[in-house]
Peer 1: 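Structure incoming, see below.
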Amino acid sequence: MKKGIMGAILVPSLVLSLAGCGEETTDKKEASKEKSTVVHKQPKKEKKISFSLADFTQTMEKTMAEIIYLDNMDGNIGYNIQEGMNRDTYGFVQELSNEFLDKRYTAIHKESEEGMRKFERLGVDPDLLKKYKEAYQYVLDTVQKQRAIILTLNETNGKEVRAQLDQSFDQPTYMENSQKMALLEVEMAIKAGYKKEEAQKAIQEAKEKVMEKYGDPVDLAKLREQ
């Protein structure tokens, strides 16, 4: 079956209370005492931006390329693998596997590895990056494992390959980690100094761009509905 992927900054104010006293009159009448309060406000400090939002989203596009690509190809190619598949179906799957899971895959794999290395150099909050990499690695391991299983297909083991594909895909955990990645992408941008709205918009545009290039049209349509 085809599977789908998927602060407030307080500016301190310094309040100084300056107390003044009236002088006593010669006829010993007590004068009223007056107090004056002066409020000194420090100017608001601009947020320090850790990295360019454009650099962040471009890096994210590279990092996500392999996952989006394999999620699409594993699902659509693997869908055709069934028990008792005939020679024509086997030939069709084998042709697609050789082209999309072998020849074209190598360059995309290198692109995503480069993206993750750049993420590490970009200046992303290390704690958030660690969490992101953990979720990312689970999702990547899943689609890589499915790719490897599909490539073992021959004319006689369709039943076994189908069973292995089904067992290798834990949809709830896969979706949980995919969603965790999406939340952490926004958190990393906010932590770097960007507003939530601008971070979400930039990340959404980046995801649509990589989905247009590597993803399934149905998944892209769902993404645009969000």
Side-chain angles (χ1 to χ4, degrees), residues 1-6 58-116 133-182 185 203-226:
M1 181 178 291
K2 172 68 176 73
K3 62 183 186 305
I5 184 173
M6 289 279 348
Q58 288 171 7
T59 302
M60 191 187 74
E61 288 174 31
K62 286 180 175 291
T63 305
M64 289 296 297
E66 183 174 2
I67 287 176
I68 297 296
Y69 181 80
L70 285 181
D71 180 87
N72 181 20
M73 294 303 166
D74 289 348
N76 284 296
I77 295 173
Y79 178 81
N80 296 280
I81 301 175
Q82 302 293 336
E83 180 181 357
M85 57 194 300
N86 59 38
R87 183 180 295 272
D88 290 340
T89 303
Y90 164 76
F92 172 70
V93 172
Q94 194 72 11
E95 184 178 347
L96 291 176
S97 299
N98 289 337
E99 179 64 28
F100 295 101
L101 296 180
D102 189 8
K103 294 178 182 178
R104 299 192 187 188
Y105 169 72
T106 303
I108 297 169
H109 174 66
K110 290 180 179 179
E111 179 181 357
S112 285
E113 285 188 323
E114 177 188 342
M116 185 54 76
K133 288 174 70 174
E134 289 172 353
Y136 175 91
Q137 196 60 52
Y138 177 87
V139 176
L140 181 61
D141 286 347
T142 299
V143 292
Q144 285 181 337
K145 184 176 182 180
Q146 291 210 317
R147 168 186 175 268
I149 292 170
I150 293 172
L151 290 174
T152 66
L153 180 70
N154 58 46
E155 294 184 16
T156 63
N157 68 349
K159 179 180 178 181
E160 290 78 8
V161 171
R162 176 72 268 158
Q164 290 178 47
L165 286 173
D166 293 339
Q167 292 168 7
S168 69
F169 185 59
D170 178 356
Q171 186 170 11
T173 308
Y174 184 85
M175 295 305 298
E176 177 186 345
N177 281 276
S178 297
Q179 291 165 1
K180 187 181 296 183
M181 287 170 56
E185 286 158 359
I203 290 169
Q204 176 78 4
E205 291 174 351
K207 287 185 177 180
E208 289 183 12
K209 186 175 179 180
V210 73
M211 285 289 291
E212 286 175 352
K213 190 173 182 180
Y214 296 121
D216 185 279
V218 175
D219 292 338
L220 176 59
K222 290 179 181 178
L223 178 64
R224 285 175 169 162
E225 290 173 358
Q226 295 179 0

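For this chain, numbers begin at 1 and follow the sequence in order.
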Peer 1: Just checking, any donor-acceptor pair under 3.5 angstrom between side chains of D216 and N76?
Peer 2: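 The answer is yes; a qualifying pair exists.
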
Peer 1: For G78 and R162, work out which heavy atoms get closest and say how close.
Peer 2: O-NH1, 2.7 Å

Peer 1: For the residue pair Q164 / Q146, report whether a side-chain donor-acceptor contact shorter than 3.5 Å exists.
Peer 2: no

Peer 1: Show your working on side-chain contact (heavy atoms from CB on, under 4.5 Å) between M116 and Y136 and close with a plain yes or no.
Peer 2: CA-CA 10 Å; M116 185 54 76; Y136 175 91; 3.7 Å; yes

Peer 1: Is K209 close to Q58 at the side-chain level, that is, under 4.5 Å between some pair of heavy atoms?
Peer 2: no

Peer 1: Are D141 and K145 within salt-bridge range, i.e. N to O under 4.0 Å?
Peer 2: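 A salt bridge is absent here (no side-chain N lies under 4.0 Å from a carboxylate O).
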
Peer 1: Yes or no on side-chain contact (heavy atoms from CB on, under 4.5 Å) for H109 and R104, after CA distance, side-chain angles and deciding distance?
Peer 2: CA-CA 9 Å; H109 174 66; R104 299 192 187 188; over 6 Å; no

Peer 1: side-chain contact (heavy atoms from CB on, under 4.5 Å), that's the test. Do S168 and I149 meet it? Break it down for me.
Peer 2: CA-CA 9 Å; S168 69; I149 292 170; 3.9 Å; yes

Peer 1: Nearest 0.5 angstrom please: E99 CD to M73 CE, how far?
Peer 2: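 That separation rounds to 9.5 Å.
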
Peer 1: Mind listing the closest non-hydrogen atom pair of I77 and S97 along with its distance?
Peer 2: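 Between these two residues, the closest heavy atoms are CG2-OG, 3.8 Å.
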
Peer 1: Checking side-chain polar atoms at under 3.5 Å, does Y105 have a donor or acceptor matched by the opposite partner on E66?
Peer 2: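 Short answer, yes.
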
Peer 1: Rounded to the nearest 0.5 Å, how far does OH of Y69 lie from CD1 of I108?
Peer 2: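 Interatomic distance, I108 CD1 to Y69 OH, rounded to 0.5 Å: 4.5 Å.
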
Peer 1: In the structure I gave you, are the side-chain heavy atoms of M85 and K159 within less than 4.5 Å of one another anywhere?
Peer 2: no

Peer 1: Would you say the side chains of E95 and Y90 form a donor-acceptor pair under 3.5 Å?
Peer 2: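 No donor-acceptor contact under 3.5 Å links the two side chains.
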
Peer 1: Does E212 pair with R224 as a salt bridge, N-O distance under 4.0 Å?
Peer 2: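 Judged by the 4.0 Å cut-off on N to carboxylate O distance, E212 and R224 do form a salt bridge.
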
Peer 1: Is Q144 reaching over with its side chain to a backbone N or O of V139, donor-acceptor style, under 3.5 angstrom?
Peer 2: no

Peer 1: Looking at side-chain heavy atoms only, is the closest gap between Q204 and L223 below 4.5 Å?
Peer 2: yes

Peer 1: Is it the case that the side chain of N157 and the backbone of E160 share a donor-acceptor pair, with hydrogens and angles ignored and the cut-off at 3.5 Å?
Peer 2: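 The answer is no, because no donor-acceptor pair under 3.5 Å joins these two groups.
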
Peer 1: Could you tell me the separation between the CD1 atom of I81 and the CD1 atom of I150, rounded to the nearest 0.5 Å?
Peer 2: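 CD1 of I150 is found 5.0 Å from CD1 of I81.
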
Peer 1: For the backbone of A163 and the side chain of D166, can you confirm whether one donor and one acceptor N or O come within less than 3.5 Å of each other?
Peer 2: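 No: the side chain of D166 does not pair with the backbone of A163.
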
Peer 1: With the threshold set at 4.0 Å, does a side-chain nitrogen-carboxylate oxygen contact exist between E61 and K213?
Peer 2: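 Result for this pair is no, no salt bridge flagged.
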
Peer 1: Between L96 and L101, is a side-chain contact (heavy atoms from CB on, under 4.5 Å) present by the stated rule, with each step listed?
Peer 2: CA-CA 7 Å; L96 291 176; L101 296 180; over 6 Å; no

Peer 1: Using side-chain heavy atoms (C-beta onward) and a distance below 4.5 Å, is V143 in contact with R147?
Peer 2: no

Peer 1: Could you walk me through whether Y214 and E111 pass side chain to side chain donor-acceptor pair (under 3.5 Å), step by step?
Peer 2: CA-CA 12 Å; Y214 296 121; E111 179 181 357; 2.9 Å; yes

Peer 1: Could you check whether any side-chain N or O of N177 sits under 3.5 Å from a backbone N or O of T173, counting only pairs where one atom can act as donor and the other as acceptor?
Peer 2: yes

Peer 1: Any chance the rings of Y174 and F169 have centres within less than 6.0 Å?
Peer 2: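 Judged by ring-centre distance (under 6.0 Å), Y174 and F169 do meet the cut-off.
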
Peer 1: Calculate, to the nearest 0.5 Å, the distance between atoms OG1 and CG belonging to T142 and D170 respectively.
Peer 2: 8.0 Å

